Amino acid sequence: VFVRTYTISKGGYDAAKSLFERMNHAVLYAPMSWIDVNPSGRILNRFSDDVSKIDLNMPFAVGSCFATVFNLGDSLLAVAIITKWLVIIVIPISYAYVTVMRWYIKASREVQRLQQMSVSPVLSYMSEISVGASIINAFDAQQRYIDENDRKVNNNSTMMYCAATA
């Protein structure tokens, strides 16, 4: 148990450090045209989201994956020893599984990308509203900003629902 915990913790730390260094290098050496096109809120949101996923989810996912692979391997070995013909059936099922998995991963990545892109407008809009609250109140334009905020939050909620169900 100690070796597994240490290995997963060390691997998670190394993965987080490597990802952060590569992301930091990519942003610092990005062309100015890219920085002009991408708002700082989107860049910061992407940084924090990716680092959070690596720090919190990756070690547990890797540990669970190893445990599942070893359990599956043991089960398949035991069944293959007892019933030899099962190996013939497992090969096409495995191929179908891998094919569906590749298709699903592409779609899942795209949905997650859309969800991450929908968070940035909400955060930047809230920042703009907090900075310009006195001007909004002076021009009695609260309802317009409330409606716009509702539209952005609804768009984000739709993307979050899609990401959660994907």
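No experiment lies behind these values; they were computed from the predicted model shown. Positions are given from 1, in the same order as the sequence printed here. FYI, side chains are in, hydrogens and waters are out, and symmetry mates aren't considered; it's all heavy atoms of this structure.
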ask   = Say you draw a straight line from CG of N156 to CE of M117; how long is it, rounded to the nearest 0.5 Å?
value = 12.0 Å
query = Got a sec, which pairs hit salt bridge (charged side-chain N to carboxylate O under 4.0 Å, His left out) with one end in residues 36-46, sequence neighbours left out?
reply = R46-D50
Qualifying residues under side chain to side chain contact (heavy atoms under 4.5 Å, CB included), relative to A163, sequence neighbours excluded = V111, Q115
inquiry  = Please report the interatomic distance SG(C65) to CG(L72), rounded to the nearest 0.5 Å.
reply    = 10.5 Å
key: Set of residues satisfying salt bridge (Lys or Arg N to Asp or Glu O under 4.0 Å) with respect to K17, sequence neighbours excluded   = none
remark   = d(I146 CD1, I129 CD1) to nearest 0.5 Å is 8.5 Å
ask   = Which pairs pass salt bridge (charged side-chain N to carboxylate O under 4.0 Å, His left out) with one or both residues in residues 152-166, sequence neighbours excluded?
value = E148-K152
inquiry  = For S127, is there any backbone N or O sitting under 3.5 Å from a side-chain donor or acceptor partner on S130?
reply    = yes
request  = Give every residue pair that meets the salt bridge (charged side-chain N to carboxylate O under 4.0 Å, His left out) criterion with at least one member in residues 110-125, sequence neighbours excluded.
outcome  = E110-R113
Set of residues satisfying side chain to side chain contact (heavy atoms under 4.5 Å, CB included) with respect to L56, sequence neighbours excluded = S52
Side-chain donor/acceptor of T165 to backbone N/O of C162, under 3.5 Å = yes
task = Would you name the heavy atoms of G63 and I8 that are closest together and state the gap between them?
result = CA-CD1, 3.3 Å
message = Measuring from atom CG of N71 to atom CG of L76, what distance do you get when rounded to the nearest 0.5 angstrom?
response = 11.0 Å
message = Pair D147, R151 - check side chain to side chain contact (heavy atoms under 4.5 Å, CB included), show working.
response = CA-CA 6 Å; D147 293 342; R151 188 183 66 75; over 6 Å; no
note = Sorted by chain and number, sequence neighbours left out, side chain to side chain contact (heavy atoms under 4.5 Å, CB included) with N154 holds for none
key: Fellow cluster residues of L44, listed by chain then number, with links counted only when side-chain atoms sit under 4.5 Å apart   = none
N-O pairing of D14 and K10 below 4.0 Å = yes
Please tabulate, for the side chains in residues 91-109, all donor-acceptor contacts under 3.5 angstrom to protein atoms that are two or more places apart in sequence or on a different chain.
unit_1	atom_1	unit_2	atom_2	d
S94	OG	V90	O	2.8
T99	OG1	Y95	O	2.9
Y104	OH	A166	O	2.9

Test item: S64 side-chain N/O and A61 main-chain N/O as donor-acceptor pair under 3.5 Å = no
remark   = Of all heavy-atom pairs linking S124 and P121, the shortest is OG-O, 3.2 Å
inquiry  = Apply the hydrophobic cluster definition, ILVMFWY joined by side-chain contacts under 4.5 Å directly or through others, and give me every member besides F70.
reply    = L19, F20, M23, V27, M32, W34, I35, I43, F47, V51, I54, M58, V62, F66
ask   = What's in the same ILVMFWY side-chain cluster as L123, cut-off under 4.5 Å, chained through other members?
value = V119
task = Check whether the side chains of N45 and Q116 place a donor and an acceptor atom closer than 3.5 Å, and report yes or no.
result = no
request  = Linking directly or through intermediates, with side-chain heavy atoms under 4.5 Å: list the remaining ILVMFWY members grouped with I82, chain and number order.
outcome  = none
key: Distance in Å, I136 CD1 paired with E128 CD, rounded so as to fall on 0.5 Å steps   = 9.0 Å
